[in-house]
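Numbering of ligands and ligand atoms starts at 1, following listing order. Atom set for the values below is all heavy atoms of this structure, side chains included, hydrogens, waters and symmetry mates excluded.
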Amino acid sequence: MWLQDKLEKKIVEQRARIKGIVEQYSDQKIGDITVKHLFSGLRGNDLMVSDVSYVDPEDGIHYRGFSIDELLKLLPKADDSEMPLAGGMYYLLLIGELPTREEALAVEEDWRRIGDLPYYVADMLRAMPKDTHPMTMFSQAILALQSRSEFTLHYNNGLKRPDYWRPTLKDSMSLVAKTPAIAASIYNIKYQNNDLIPPSQTYDWSANFAYMINKDWDKHYIELCRLFFALHADQGTGNVSAHTAWLVNSALSDVFYSCSAAMNGLAGPLHGRANQDCLEWLLDILREFGSCPTESEMEGYIWKTLNRGKVIPGYGHAVLRKTDPRFTAQLEFGRKYIGDDDLFKLVEIVYRIVPRVLKEHGKAKNPWPNVDAISGTLQYHCGMREYDFYTVLFGVGRMMGITANLVWARALSAPLERPQSITLDILEKRIADVIS
Ligand code: HAX
């Protein structure tokens with residue numbers, strides 16, 4: 001309730017702000033749509049508004065105006081840790097202000113109270129075929145929680161539109177709280193001995209994931225979890241997974257329907273699966289050369305990948321035009337803890353060469369690494385060898401940003417999304433009309 005009270009004050013302010021903008025500037029033009037935009041996935045068009053986070057093409061992601069560097073310094077830390085508490089991150093994403101340590105811990109405490117999974121979710125996961133991709137299991141597990149949605153319950157009982165955000169917040173807290181347990185259940189059922197470890201009542205949210213997969217003895221891994229989830233918490237609202245959730249939620253489908261759909265988008269190789277693909281690609285290189293290749297061998301291998309018509313996983317971005325600060329933060333973590341690992345050395349070699357080759361190749365607008373170019377390497381080094389699981393870890397962190405956006409979407413009554421689609425005939429006629 002305390003979070004709801006804090007949020008309510010902010011919501012009142014933001015509703016007034018939007019009302020003012022719409023009343024005064026409803027017909028103000030802020031951009032143009034060209035034919036090119038229609039055939040390039042609407043890239044480069046400012047078509048959504050969300051204050052939760054913003055990707056600056058040069059400076060990278062900003063959560064509520066704070067860069068990655070600032071966040072890693074300013075957010076309250078877990079005990080004996082250099083990494084942020086996820087509870088503080090969620091407070092920031094939702095409320096828009098840096099939390100005190102007490103506030104960060106209070107969110108963590110709220111999550112701990114509701115972090116356990118209903119028994120039937122694990123039963124359902126166990127019943128799925130063994131070769132099911134963990135992202136399919138993830139999406140299904142989220143969907144299985146839908147029957148508990150407070151939003152749907154209250155909506156069916158006549159809840160009024162200005163109050164939609166309240167049960168949306170409850171659903172969001174519930175889903176985020178349970179996400180580490182969902183991920184750990186998938187991991188234990190798919191790769192381990194099927195036994196589940198219930199969440200601890202002492203660990204913070206990120207460390208609890210490590211605990212539930214029996215890796216809490218590894219302090220580096222716990223730190224990596226905290227870093228990994230913080231870095232993956234959000235990335236604007238236009239990316240495939242966040243936008244999917246926003247779109248589905250605009251039909252007043254609840255948080256569980258929306259986030260399950262979002263995870264299906266995250267599962268794609270051009271989005272969240274790039275971390276799995278990148279690790280596979282790096283391991284293939286080590287297998288082919290027996291150890292780290294020389295720079296000229298590496299260059300040849302990169303060209304071989306490109307000439308096969310494949311992308312270099314972990315490089316490029318639809319918005320960013322510089323090295324992703326999330327890559328840099330992980331590089332620093334790697335240099336500190338695992339600098340002598342062959343796979344990590346390979347990441348550094350790849351970073352030295354790929355941007356030059358991609359520039360020469362001439363297609364990618366951004367030749368620099370994104371978050372996925374290194375995240376799998378750190379996981380792999382820490383013993384998380386099941387790389388088809390990496391996108392689930394991405395989704396665990398991303399659940400914070402996606403749900404914070406959904407709470408705000410309902411608070412600000414984001415309307416049903418319904419772009420008009422036209423036929424090619426109509427398009428050609430419209431072009432002819434304009435140029436004649
Ligand atoms: N390797 C080779 N070619 C690349 C490339 C890469 N890493 N990145 C872009 N290109 C190519 C594109 O395939 C495209 O080719 P076509 O014209 O033949 O279709 C061309 O360069 C222009 O693409 P772009 O405008 O620079 O990039 P997009 O906005 O279309 O796509 C992607 C952005 C991230 C999907 C793209 O850079 C890519 O496929 N990268 C590799 C996969 C990857 O790392 N994805 C994760 C991105 C971060 C993320 O969302 N994580 O979830």
What do you reckon, are the aromatic ring centroids of Y390 and F394 less than 6.0 Å apart?
no
As an exercise, identify every atom of ligand 1 less than 4.0 angstrom from a heavy atom of G272.
52 (O)
Could you check whether S253 and S258, counting side-chain N and O atoms only, form a donor-acceptor pair closer than 3.5 Å?
no
If you measure from atom 33 (C) of ligand 1 to every heavy atom of S241, A318, P369, G265, which option wins on shortest distance?
A318
Pairing donors with acceptors under 3.5 angstrom, does anything connect the side chains of Y315 and N370?
no
Testing the 3.5 Å rule here: is there a donor-acceptor pair between the side chains of N366 and H317?
no
Residue pair I222 / A207: nearest heavy atoms and the distance that separates them
CG2-CB, 3.6 Å
Do W408 and S50 have a side chain donor and acceptor closer than 3.5 Å?
no
For ligand 1, is there an N or O atom under 3.5 Å from any N or O atom of N370?
yes
Can you check whether L270 has an N/O within less than 3.5 Å of an N/O in ligand 1?
yes
Protein contact of atom 5 (C) of ligand 1 - nearest heavy atom, named by residue and atom, plus distance:
A364 CB, 3.9 Å
Residue and atom name of the nearest protein heavy atom (relative to atom 20 (C) of ligand 1), distance in Å to one decimal
K363 O, 3.7 Å
Distance under 4.0 Å to a non-hydrogen atom of F394: what atoms of ligand 1 satisfy this?
51 (N), 52 (O)
Going by heavy atoms, is L358 under 4.0 Å from ligand 1?
yes
Among all the protein's heavy atoms, is there at least one whose distance to atom 39 (O) of ligand 1 comes out below 4.0 Å?
yes
Verify whether one side chain among Y187 and E386 offers a donor that lies under 3.5 Å from an acceptor in the other.
yes
Give the ring-plane orientation class for W111 versus Y90, where under 30° counts as parallel, over 60° as perpendicular and anything between as tilted.
tilted
Structural part of L306 in contact with ligand 1, heavy atom criterion under 4.0 angstrom
side chain
Filtering N239, D372, N275 for the heavy atom nearest atom 48 (C) of ligand 1 leaves D372
Could you identify the single nearest non-hydrogen protein atom to atom 3 (N) of ligand 1 and state the distance to 0.1 Å?
V311 CG1, 3.9 Å
Can you find an N or O of K310 that's nearer than 3.5 Å to an N or O of ligand 1?
no
Under 6.0 Å between ring centres: does that hold for F228 and H232?
yes
Just need the protein heavy atom nearest to atom 25 (O) of ligand 1, so name the residue and atom and give the distance.
K365 NZ, 2.8 Å
the protein heavy atom lying closest to atom 52 (O) of ligand 1 turns out to be H271 ND1, 2.8 Å
Does atom 12 (C) of ligand 1 have a protein non-hydrogen atom under 4.0 Å from it?
no
Give the residue and atom name of whichever protein heavy atom lies nearest to atom 41 (C) of ligand 1, and the separation in Å to one decimal.
Y315 O, 3.3 Å
Under 3.5 Å, is there a donor-acceptor pair linking the side chains of E103 and Y91?
yes
The closest protein heavy-atom partner of atom 1 (N) of ligand 1 is I312 N, 2.9 Å
Contacting atoms of ligand 1, where contact means under 4.0 angstrom from a heavy atom of A274:
43 (C), 44 (O), 45 (N), 46 (C)
I want to confirm something. Looking only at heavy atoms, which of G316, P367, G314 is nearest to atom 44 (O) of ligand 1?
G314
Is a side-chain donor-acceptor pair under 3.5 Å present for S260 with Q140?
no
Between atom CZ of R398 and atom CE of M400, what is the distance when rounded to the nearest 0.5 Å?
10.0 Å
N249 and R410 side chains, donor-acceptor separation under 3.5 Å:
yes
Which protein non-hydrogen atom lies closest to atom 29 (O) of ligand 1, naming both residue and atom, and how far is it?
R43 NE, 2.6 Å
Ignoring hydrogens, tell whether any protein atom lies closer than 4.0 Å to atom 17 (O) of ligand 1; use the non-hydrogen atoms only.
no
